[in-house]
Amino acid sequence: MNRKIIVLTAAVLSFVMLFSSCKEEGTDETTDVDIITEGTPEQGSNENNEAEQTSEAEETTTEEPATEKEDEPVIIGTVVGYTSKGFVISKKNGITYVDGVLVANKTYALPESYNPGALLSECERAFSEMKSAAAKEGLTLWNASGFRSYELQQSLYNRYCDRDGKAAADRYSARPGHSEHQSGLALDLNEISSSFANTAEGKWVEKNCHKYGFILRYPRDKEAQTGYMYEPWHIRYVGVSVAEKIYNSGLCLEEYFGITSVYAPEEETTVLYEETTAVPEALPEETTAVPVIEETTEVIITD
């Protein structure tokens, strides 16, 4: 009897020990699963981070072409060459553009047929904004002479040549086809006189017109580059971006782009106007007064 009890007790103890061993092994397996489970989100997180970094890299890559596009030259028509500063010269319908900016000076002429009929809308709109800004400071600006046709410029040039001689006229008046007024992008302000520079309006225009896309086209001490004497009243619309660059450079348009403003030798020997003593009746459009030469030793007139 005692022997049976001992055997039974030994069997029970063996069973208990076996059960405890199985339980411990099950616990280790569960723990291993938890570790793997905890590791999985970390791996997934790394993949997400890599995906985000890739996405950010793609976004950065897509922004780079936009920057390059801003630096690309503006070409209108057919490329015909480059300036001394590397700007593209292109031509369309007989009109010359430098980096997309229409150019009319002694070197580059506009076709006789080019006739927008008035200031171009972008120039008119910009001048209206500038005029309103000046008015808020108690200043008054007005358009004394804006667009001129080829024919009107020819009449004015003839008159000045008759009165002062061709050499003198070429310092302050453009030959037909070479005047910026024909482009519809230039205008003369207020007083067509050097005295305009000393007025509150003249000083304001010189310091602020670039904010509205205009440049003082014929600055002081730049006659050798522009081909024209100082004209504080003459502004030219080139767009805000270009105007700010030219203003900040301290250069005139010719210097900034690296172009010349000189009549071709063959034009110097060509008779561009008829000899006449008659004073043309035609006046610059958008003005009530003919630009006059002041009775001083300095010739002052619009181009």
Side-chain angles (χ1 to χ4, degrees), residues 73-83 87-124 126 143 145-161 166 169-188 213-215 217-218 225-228 231 234-239 242 252-254 256-274 276 280 282-287 291 301-303:
V74 180
I75 300 172
I76 299 178
T78 304
V79 174
V80 296
Y82 298 85
T83 74
F87 290 98
V88 174
I89 303 175
S90 57
K91 206 159 189 175
K92 183 177 182 180
N93 299 326
I95 303 170
T96 301
Y97 299 88
V98 177
D99 199 32
V101 176
L102 183 151
V103 174
N105 64 10
K106 290 184 176 182
T107 300
Y108 304 98
L110 292 170
E112 183 177 351
S113 59
Y114 180 75
N115 188 340
L119 289 178
L120 298 185
S121 59
E122 59 266 36
C123 177
E124 185 71 57
N143 179 359
S145 180
F147 168 77
R148 300 181 202 152
S149 66
Y150 181 97
E151 293 74 19
L152 178 55
Q153 186 65 30
Q154 186 172 43
S155 295
L156 291 173
Y157 181 73
N158 289 354
R159 173 187 173 185
Y160 303 145
C161 287
K166 191 159 76 73
D170 279 340
R171 291 188 63 213
Y172 61 80
S173 181
R175 299 177 186 180
H178 294 272
S179 174
E180 283 197 326
H181 286 279
Q182 188 186 343
S183 71
L185 294 167
L187 58 155
D188 295 334
F214 293 96
I215 58 172
R217 185 62 179 88
Y218 307 119
Q225 290 77 32
T226 66
Y228 296 101
E231 293 188 358
H234 182 109
I235 59 174
R236 160 67 200 274
Y237 182 78
V238 293
V242 175
C252 64
L253 182 141
E254 280 78 11
Y256 178 79
F257 281 132
I259 59 176
T260 61
S261 180
V262 181
Y263 288 128
E266 57 269 22
E267 288 192 344
E268 293 289 353
T269 60
T270 302
V271 177
L272 296 180
Y273 64 97
E274 298 178 1
T276 176
L283 302 180
E285 298 172 12
E286 303 173 352
T287 180
I301 198 67
T302 179
D303 72 323

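Because only heavy atoms are used, hydrogens play no part in the values below, and waters and symmetry mates are left out as well, while side chains stay in.
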Check: With distance as the sole test, does Ser145 use its side chain to make a donor-acceptor pair with the main-chain N or O of Asp188 at under 3.5 Å?
Finding: no
Item checked: For the student: nearest non-hydrogen atoms of Ser173 and Gln153, plus distance -> OG-NE2, 3.7 Å
Note to self: Treating His181 as the side-chain partner and Gly146 as the backbone partner, does any N or O pair qualify as donor plus acceptor under 3.5 Å?
What the structure shows: yes
Next item on the list: First locate atom NZ of Lys106, then atom CD1 of Ile259, and finally report the distance between them rounded to the nearest 0.5 Å.
Entry: 13.5 Å
Note to self: According to side-chain contact (heavy atoms from CB on, under 4.5 Å), who are the partners of Thr226, at least two apart in sequence or on a separate chain?
What the structure shows: Arg217, Tyr218, Pro219, Lys222, Tyr228, Cys252, Glu254
Margin query: Testing the basics here: between Cys123 and Gly184, what is the closest heavy-atom pair and its distance to 0.1 Å?
Written below: CB-O, 3.9 Å
Next item on the list: For residues Thr83 and Phe257, report the shortest heavy-atom separation together with the two atoms involved.
Entry: OG1-O, 2.6 Å
Notebook entry, point to check: Within the distance-only criterion (no hydrogens, no angle test), does the side chain of Thr96 pair as donor or acceptor with the backbone N or O of Val103 below 3.5 angstrom?
Noted result: no
Notebook entry, point to check: What residue pairs, at least two apart or across chains, pass ring pair (Phe, Tyr, Trp, His ring centres under 6.0 Å) with a residue in residues 88-118?
Noted result: none
Margin query: Could you measure the distance from the OG atom of Ser179 to the CG atom of Asn105? Nearest 0.5 Å is fine.
Written below: 11.0 Å
Item checked: Student check: side-chain heavy atoms of Leu102 and Leu110 closer than 4.5 Å -> yes
Checklist line | With sequence neighbours excluded, residues passing side-chain contact (heavy atoms from CB on, under 4.5 Å) with Glu122 | finding: Leu120, Arg125, Leu185, Tyr237
Checklist line | Residue pair Glu112 / Gln182, side-chain heavy-atom distance below 4.5 Å | finding: no
Checklist line | Atom of Tyr263, atom of Arg175 and distance for their closest heavy-atom approach | finding: OH-N, 3.1 Å
Check: Taking the side chain from Asp99 and the backbone from Pro73, do they hold a donor-acceptor pair closer than 3.5 Å?
Finding: no
Notebook entry, point to check: Can you check whether Thr260's main-chain N or O pairs, donor with acceptor, with Thr107's side chain at less than 3.5 Å?
Noted result: yes
